[in-house]
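Here the structure is a predicted model, which is why all the values come from computation and not from measurement. Order of appearance sets the numbers: ligands from 1, and atoms from 1 within every ligand.
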Amino acid sequence: MVTKMKHLLSLLEYNESEFVKVLDLAEKTKADWAKGKRPDLLPRKVLGLIFEKPSLRTRVSFEAAMMQMGGNSIFLGTSDGKIGVRETVADFSRTISHYVDAVVLRTFSHETVLEFAKNSTVPVINGLSDQFHPCQSVADILTIREAFGPKPGKTVVFVGDGNNVSRSLAIACALAGYHFILTGPKPYHFDTNFTNLFSKRFPKADLIQSTDANDSVKNADILYTDVWTSMGQESENEKRIKKFKDFQINDRLINKAPKHCKFMHCLPAHRGEEVTGSVIDGKASLVFEQAGNRMHAQKAILLDMILNSKK
Ligand code: CP
Ligand code: NVA
C-alpha cells in the first residue's frame, strides 16, 4: 500500500498506537535475529547519514542495521562543521533525495532538521538535534519494556538537564503511558515552548519538574541521566558543572530509590560528573543493554519509515 511519506523529527509524529507498533516491530526483529533469521528486509535500499557532530551509537547502529537488513549506507560527516555552508540546506536536501531512500541527520540546530525535511522527498530521521533525540527514546522504551514488561504506569525520573534526550524521553513516556519527572536546577528545566507543546499534545500526561532530586527519586522505577554539557555547549561546561553538582546519580541517590529501580543513560557518559562509575557499572544499570537496543530500534524505525513511504 502506498501511503504518505513520513519523517521522524521529534517523536510527536507518532500517536500512541503507532509508537507501540514500532516497539513491537523492534522486539520482533530483535527476537528473529537472535533465532538466526536473516531476511533481507530492505534489499538494495540506501541510507544517507549526514552528521554535523560526532557519534558512536547512532552512526554505527544505523549502518549495521542497514547492512543486516540487506541494504547499505553512506556516511557524510560535514567537514565545514554545518550543513548549509557549501550550499543551502534546501538544495542539499533536494539533491540527496535522488540518491538515497532515507536520511538520518545529526545537527546542531533543530531548524536545520525542519528545513531539510521540508525539502526532502525521502523520509528524514532526526539522529539528534539540539531539541530532540527521538531514536534514542525508542531504544529507551524498548529497554524499559524488556526490564519491566509492556504494562504502562512506570515512573521515569530524569536527573539533569532539560535537553534533547530528556525532551524526547518525556514524549516517549507520554506515548507509552509512563509517568515522567525531570529533576534538576531550575534554569535548566524545560523551556515553556516545550512544556506548552507537550501539554497541548498530551493534556492528560504528567510532566513534573522539580529541584529536589532526593524527593523525586523516591518512587522511581527508572533513574535516567545524560551529560550536563551537550555537544555544542562546551563553552558553558564550567558553569554547568557548578549548577548541576547536587544532581549526580551516585550510590547515595540511588539508595533513596526503591530497591527494584534501574539506571539508564543514553551514553556517552562523563563518569564522575552526572553519574559515578559505581552506578554505571552497578547491578541496577541497564546502560549497555540500552546501547545495544539502539540497533533493534533503528531497524524498526527504518522499516516503518522506508516501507511506508511513497518514494
Ligand atoms: N546516545 C547516542 O546518541 O550516542 P552517540 O552520540 O554515540 O550516537
Ligand atoms: N545530550 C547529549 C546527548 C548525546 C547522545 C548531546 O546532545 O551531546
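Remark: distances from the non-hydrogen atoms of Leu267 to ligand 1 include one below 4.0 Å.
Between Arg106 and ligand 2, not a single N/O pair is under 3.5 Å apart. Checked against a 3.5 angstrom limit, the closest N/O atoms of Met231 and ligand 2 fall inside it. Looking at ligand 2, you'll find an N or O of Asn164 within less than 3.5 Å of one of its N or O atoms. Ligand 2 has an N or O atom lying under 3.5 Å from an N or O atom of Ser230, backbone or side chain. An N or O contact shorter than 3.5 Å links Thr58 to ligand 1 by distance.
The distance from ligand 1 to the heavy atoms of Arg294 drops below 4.0 Å at these ligand atoms: 1 (N), 2 (C), 3 (O).
Here Gln290 has no heavy atoms under 4.0 Å from ligand 1, in either its backbone or its side chain. Residue contacts with ligand 2, taken as heavy atom pairs separated by less than 4.0 Å, do not involve Asp130 at all. Residue contacts with ligand 2, taken as heavy atom pairs separated by less than 4.0 Å, involve Leu128 solely via side-chain atoms from C-beta onward.
Taking the ring centre of Phe75 as origin, the terminal cationic atom of Arg59 falls inside the region bounded by 6.0 Å and 45° from the ring axis.
The residues Asp161 and Lys243 are annotated as not salt-bridged, no charged nitrogen and carboxylate oxygen being separated by less than 4.0 angstrom. Under 4.0 Å is where a charged nitrogen must lie from a carboxylate oxygen, and between Asp130 and Lys53 no such pair does. Salt bridge present: Arg145 and Asp24 bring a charged side-chain N and a carboxylate O closer than 4.0 Å. With respect to Lys118 and Glu115, a salt bridge is recorded, a charged nitrogen being found less than 4.0 Å from a carboxylate O.
Aromatic ring orientation, Phe198 versus Phe202: tilted (interplanar angle from 30° to 60°).
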